[in-house]
Amino acid sequence: MYRSIVVLTGAGISAESGLQTFRGAGGIWQNHRAEDLATPEAFAAEPALVQRFYNERRRQLVSGPIEPNPAHYALAKLQAGFSGTFTLVTQNVDNLHERAGSQNVLHMHGELLRMRCGGCGDSFVVEGDIELDSLCPACASVGLLRPDVVWFGEMPKHMDVIARLLGDCDLFLAVGTSGNVYPAAGFVEIAGAHAHTVEVNLEPSEVQSHFAERLYGKAGEVLPPYIEQLLK
């Protein structure tokens, strides 16, 4: 029986819940590069544009018909039923894991429903729109609020904790990840030195050859029965 499990989730698990960005074909953001919307330089140059982009993503998450899918619930069930150490690390900025019942989720790319003040550093929950003249609730500064997400060129969160957990786990699951975004794409190599590694994905990822076991198909279909077997 395993004693320590680390699960990494990526965009694929959220996509199965219908959560899409606004940059897809036909979307209102399709003519903007990621560098126009998700870098510190973009925010400094056009803060109104960036805030509008994140306001619309936030509305989609809290107001649209977006719900956790069976894969989210299966991971919450694994956490609740596993007697060893369980850690859920996600690259996703949504709150679907928490809504499914998962606890203490490590959001390495930050959270869409949090803002951070560039002045005092305070981070707080927000579900509505943020404008350029919005006040920081901690220090009352104006114009210093930004989404508490990790932009291109910034360091992912919780990396020291994640590295320690990867070094100690004996089962590593990667769910819905493309394998082309580092440092997360390198997690399988760290864990694979001593742990059993499993890829759960719609199709083989860029790093599929590093996994000892591979399950392909929709995560909401292939992950629940796999987790049922683990819990037995």
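All values reported here derive from a predicted model rather than from experimental measurement.
Donor-acceptor pairing under 3.5 Å is lacking for the side chains of Gln91 and Thr177. A side-chain donor from one of Asn55 and Arg58 sits under 3.5 Å from a side-chain acceptor of the other.
The hydrophobic cluster containing Val7 also contains Val198, counting ILVMFWY residues as joined when their side-chain heavy atoms lie under 4.5 angstrom apart, directly or transitively. Residues Tyr216 and Ile13 do not share a hydrophobic cluster, defined by chaining ILVMFWY side chains whose heavy atoms lie under 4.5 Å apart. At a threshold of 4.5 Å between side-chain heavy atoms, the hydrophobic network of Ile, Leu, Val, Met, Phe, Trp and Tyr places Val161 and Ile190 in one connected group. Leu106 and Val6 end up in the same hydrophobic cluster when Ile, Leu, Val, Met, Phe, Trp and Tyr side chains are linked at under 4.5 Å. By the rule that hydrophobic residues join a cluster once side-chain heavy atoms approach within less than 4.5 Å of another member, Phe86 and Leu96 end up as members of separate clusters.
Salt-bridge annotation for Arg57 and Asp94: absent, with no side-chain N of the basic residue lying under 4.0 Å from a carboxylate O of the acidic one. Between Glu228 and Lys232 no salt bridge is recorded (no basic side-chain N to carboxylate O distance below 4.0 Å).
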Check the pair Val50, Trp151 against side-chain contact (heavy atoms from CB on, under 4.5 Å), reporting the backbone distance first and the verdict last.
CA-CA 11 Å; Val50 174; Trp151 284 330; 3.9 Å; yes
Kindly determine whether Val207 and Tyr182 satisfy side-chain contact (heavy atoms from CB on, under 4.5 Å), including the steps that lead there.
CA-CA 11 Å; Val207 292; Tyr182 283 84; 4.2 Å; yes
Using the rule given for side-chain contact (heavy atoms from CB on, under 4.5 Å), can you reason through Glu111 versus Val125, listing the C-alpha separation, both sets of side-chain angles and the distance that settles it, and then say yes or no?
CA-CA 9 Å; Glu111 299 177 60; Val125 175; over 6 Å; no
Might you work through the side-chain contact (heavy atoms from CB on, under 4.5 Å) test for Leu215 and Leu223, ending with a clear yes or no?
CA-CA 8 Å; Leu215 301 173; Leu223 187 60; 5.9 Å; no
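Between the side chain of His72 and the main chain of Ser14, no donor-acceptor pair closer than 3.5 Å is present. A distance-only check finds no donor-acceptor pair linking the side chain of Glu189 to the backbone of Gly186 [under 3.5 Å]. The backbone N or O of Glu131 lies less than 3.5 Å from a partner atom in the side chain of Ser134, making a donor-acceptor pair. A donor-acceptor contact shorter than 3.5 Å links the side chain of Asn92 to the backbone of Gly10. A donor-acceptor distance shorter than 3.5 angstrom exists from the side chain of Ser17 to the backbone of Glu67, with no hydrogens or angles considered. Asn180 places no side-chain N or O within 3.5 Å of a backbone atom of Glu206 that could act as its donor or acceptor partner.
Of the inter-residue distances, the one linking Arg164 atom CZ with His158 atom NE2 reads 12.5 Å to the nearest 0.5 angstrom. Within the model, atoms CD of Gln79 and OG of Ser102 stand 5.0 Å from one another, a figure rounded to the nearest 0.5 Å. Atom CG of Asp133 and atom CG of Leu145 lie 10.0 Å apart (nearest 0.5 Å). For the atom pair OG1 (Thr197) and CD (Gln208), the distance works out to 11.0 Å, reported to the nearest 0.5 Å. Here the straight-line distance linking atom CG of Leu112 with atom CG of Asn95 works out to 8.5 Å at 0.5 Å rounding. Rounding to the nearest 0.5 Å gives a distance of 10.0 Å between SG of Cys117 and CG of Leu135.
With contacts defined as side-chain heavy-atom distances shorter than 4.5 Å, the pair Pro204/Arg214 does not qualify. Side-chain contact between Pro156 and His109: present, with at least one pair of heavy atoms (C-beta onward) separated by less than 4.5 Å. Counting only heavy atoms from C-beta outward, the side chains of Gln51 and Pro147 approach each other to under 4.5 Å. Residues Val93 and Tyr54 form no side-chain contact, since every pair of their non-hydrogen atoms from C-beta on lies 4.5 Å or further apart.
Aromatic ring pairs are classed by plane angle as parallel below 30°, tilted from 30° to 60° and perpendicular above 60°; the pair Phe211 and Phe172 is parallel. Aromatic ring pairs are classed by plane angle as parallel below 30°, tilted from 30° to 60° and perpendicular above 60°; the pair His196 and Tyr2 is parallel.
Summarising the geometry of Gly101 relative to Ala76, their closest heavy-atom pair is C-CB, 3.8 Å, with the distance given to 0.1 Å. Counting all heavy atoms, side chain and backbone alike, Cys169 lies closest to Ala195 at O-CB, 3.4 Å. Residues His194 and Gly167 share a closest heavy-atom pair of NE2-O, 3.3 Å. The two residues Val62 and Glu127 have their closest heavy-atom pair at CG2-O, 4.0 Å. Of all non-hydrogen atoms in Asn69 and Gly220, the two that sit nearest each other are OD1-CA, 4.3 Å. Nearest approach of Ala138 to Cys120, heavy atoms of both residues: CB-SG, 4.0 Å.
For Lys218, the salt bridge (Lys or Arg N to Asp or Glu O under 4.0 Å) criterion is met by no residue, not counting sequence neighbours. Among residues two or more places apart in sequence or in another chain, the ring-ring contact (aromatic ring centres under 6.0 Å, His included) test is passed with His107 by none. Looking at residues two or more places apart in sequence or on another chain, you find no ring-ring contact (aromatic ring centres under 6.0 Å, His included) involving Tyr226.
Remark: Asp160 CG is loosely packed, at most 12 non-hydrogen atoms of other residues, nucleotides or ligands lying under 6.0 Å away. The environment of Phe124 atom CZ is dense: over 12 non-hydrogen atoms of other residues, nucleotides or ligands sit within 6.0 angstrom.
Under the side-chain contact (heavy atoms from CB on, under 4.5 Å) rule, Met115 has a single partner from Asp148, Ile130, Leu144, which is Ile130. The side-chain contact (heavy atoms from CB on, under 4.5 Å) test with Val150 singles out one residue from Met155, Met108, Lys157, and that residue is Lys157.
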